[in-house]
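Heavy atoms only: backbone and side chains are in, while hydrogens, waters and symmetry mates are out. Proteins come first, then strands; the chains are lettered A, B, ... in the order of their sequence lines, and each starts at number 1.
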Number of protein chains: 2
Amino acid sequence: MDMDQVDKIKAQWNRERPDLDVGPMGTIGRLGRLARHLAQAHAECFATHGLSPAGFDVLATLRRAGPPHALTVKDLLATTMVTSGTMTNRLDRLEAAGQVRRVPNPEDGRGFVVQLTERGRADIDAAVTDHVANQHRLVAALNNEERAALDALLGTWLTVFEGSDG
Amino acid sequence: MDMDQVDKIKAQWNRERPDLDVGPMGTIGRLGRLARHLAQAHAECFATHGLSPAGFDVLATLRRAGPPHALTVKDLLATTMVTSGTMTNRLDRLEAAGQVRRVPNPEDGRGFVVQLTERGRADIDAAVTDHVANQHRLVAALNNEERAALDALLGTWLTVFEGSDG
DNA sequence: GATTTGTATCTCGACATCAAGATAATGAGG
DNA sequence: CCTCATTATCTTGATGTCGAGATACAAATC
């Protein structure tokens, strides 16, 4: 029969609630489970560099922005899609770890510019190198053709939520 | 160019770290974002029935099991993939809400059987009906052929983490 | 320049989660 | 029937998250 965990759940619903068509549950369920496994694998990789997923998210955003690796809190909020309370908490921890510093924003007395420290720069560069290698391992179960097909399908679906221009 | 948010992130990495091949990041990133959007949509649906995603998870597991809608805490742990501390917390809240009750397990004096109450049964039946309809809306962006292709690809990939027999 | 409105960031309180360790009951061997 | 390893569940402490509201500065208007 080749039933995975998601198929078993669907079979249970079919037995208990035959009035429901649970087809979409398979697609959504597998996608959700896969996302969880991948997030777990990422977290383990980040942890080897002393980073949480939350910390990686912020440091990577600063690193990707290019020199001088500094963004306003507002910019970080827009990119990372967390609330301001969450960002304050993340920055407090990263600052305590010496990976970022808050500098008053010369262009706006209300706010700060958040900048990677030397240590933060070194940490994120090492972490992302490892992270990318890890991602290559994680997708190795699919060949190039399968991965391209999956990319296309995910892209199509994602536009429902994010629009075609991001 | 038709760049979505994930493509923009990849482009930034290509500029800042051209030594890295970030192809897999697109696949994994889109999958992760999609999962987040779907989880958000689910949570909103559950909330209309007074349930959190965590509460839905537990009540649905009990409901799917069939009459008498009772499982040991151990069984719930195995199915829901959370830690025992998390499950204790979930059960405390569901019990306080009158949706489940803990009954001493007659077959093992150390443990409990967790059972849906009448109210819990009514709540989960209403919630799952709505939930399934919601899932149909969420997958509507893909036609049947696309959804089947996606199912197959996700299934292939998922076996890396869960094995082919669940 | 005083008032109003808006914006950037932080504070606070409520939850959810995990990991590690505590508690308590079972069962196997002697 | 003790003792010991095992198992089931709960407790505790650290993180991470959100939402609502506070604070502080800026910009626009009077």
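Side chain A/T86 to base D/dC18: no donor-acceptor pair is found below 3.5 Å.
Between B/T83 and C/dA19, a side-chain N or O to OP1/OP2 separation shorter than 4.0 Å is absent. Regarding contacts with the backbone of C/dC10, a side-chain N or O of A/R102 is found under 4.0 angstrom from either OP1 or OP2.
When heavy atoms are screened at a 4.0 angstrom cut-off, A/D108 is found touching the sugar-phosphate backbone but no base atom. When heavy atoms are screened at a 4.0 angstrom cut-off, B/G111 is found touching the sugar-phosphate backbone but no base atom.
Of the candidate nucleotides C/dT9, D/dA26, D/dC10, C/dT9 has the atom nearest to the side chain of A/T88. Relative to the side chain of A/R93, the nucleotides D/dT9, D/dT15, C/dT9 differ in distance, and D/dT15 lies closest. Side chain of A/N89, nearest nucleotide from C/dT26, D/dG16, C/dT17: D/dG16. Minimum atom distance to the side chain of A/T72 is reached by C/dT9, of the listed C/dT9, D/dT9, C/dT17. Among the nucleotides C/dT9, D/dC10, C/dC18, the one closest to the side chain of B/V82 is C/dC18. Residue B/S52 has its side chain nearest to C/dA16 when only C/dA16, D/dG16, C/dT9 are considered. Closest contact between the side chain of B/R90 and the listed nucleotides D/dG16, D/dT9, C/dT17 involves C/dT17.
Using a cutoff of 4.0 Å between basic side-chain nitrogens and carboxylate oxygens, B/D92 and B/R102 are scored as salt-bridged. Ion pairing between a basic and an acidic side chain is recognised when a charged N comes within 4.0 Å of a carboxylate O; A/D7 and A/R30 show such pairing. Taking the charged nitrogens against the carboxylate oxygens, A/E16 and B/R63 do have a contact shorter than 4.0 Å, which makes a salt bridge. Here B/D4 does not pair with B/K10 in a salt bridge; the nearest charged N to carboxylate O distance is not below 4.0 Å.
Checking A/D57 against A/T80 by side-chain atom types alone, no donor-acceptor pair falls below 3.5 Å.
Annotation: A/H131 is in aromatic contact with A/F56 [ring centroid separation under 6.0 Å].
Straight-line distance from the CG atom of A/L91 to the C1' atom of D/dT17: 14 Å, rounded to whole Å. The distance from atom CG of B/D92 to atom P of D/dT9 is 13 Å, rounded to the nearest whole Å. Here D/dT9 presents its P atom at 13 Å from CD of B/E95, a figure rounded to the nearest Å. The separation between A/F112 atom CZ and C/dC10 atom P is 6 Å, rounded to whole Å. Put simply, CZ on A/R110 is 4 Å from C1' on C/dT7, counting in whole angstrom units. In this structure, B/K74 atom NZ and C/dA25 atom C1' are separated by 14 Å, rounded to whole Å. Across the protein-nucleic acid pair, B/M87 atom CE and D/dA8 atom C1' stand 13 Å apart, rounded to whole Å. Rounded to whole Å, atom P of C/dA8 lies 13 Å from atom CG of A/L76.
If you find the closest nucleotide of DNA chain C to A/Q40 and to A/D75, the one lying nearer the 5' end belongs to A/D75.
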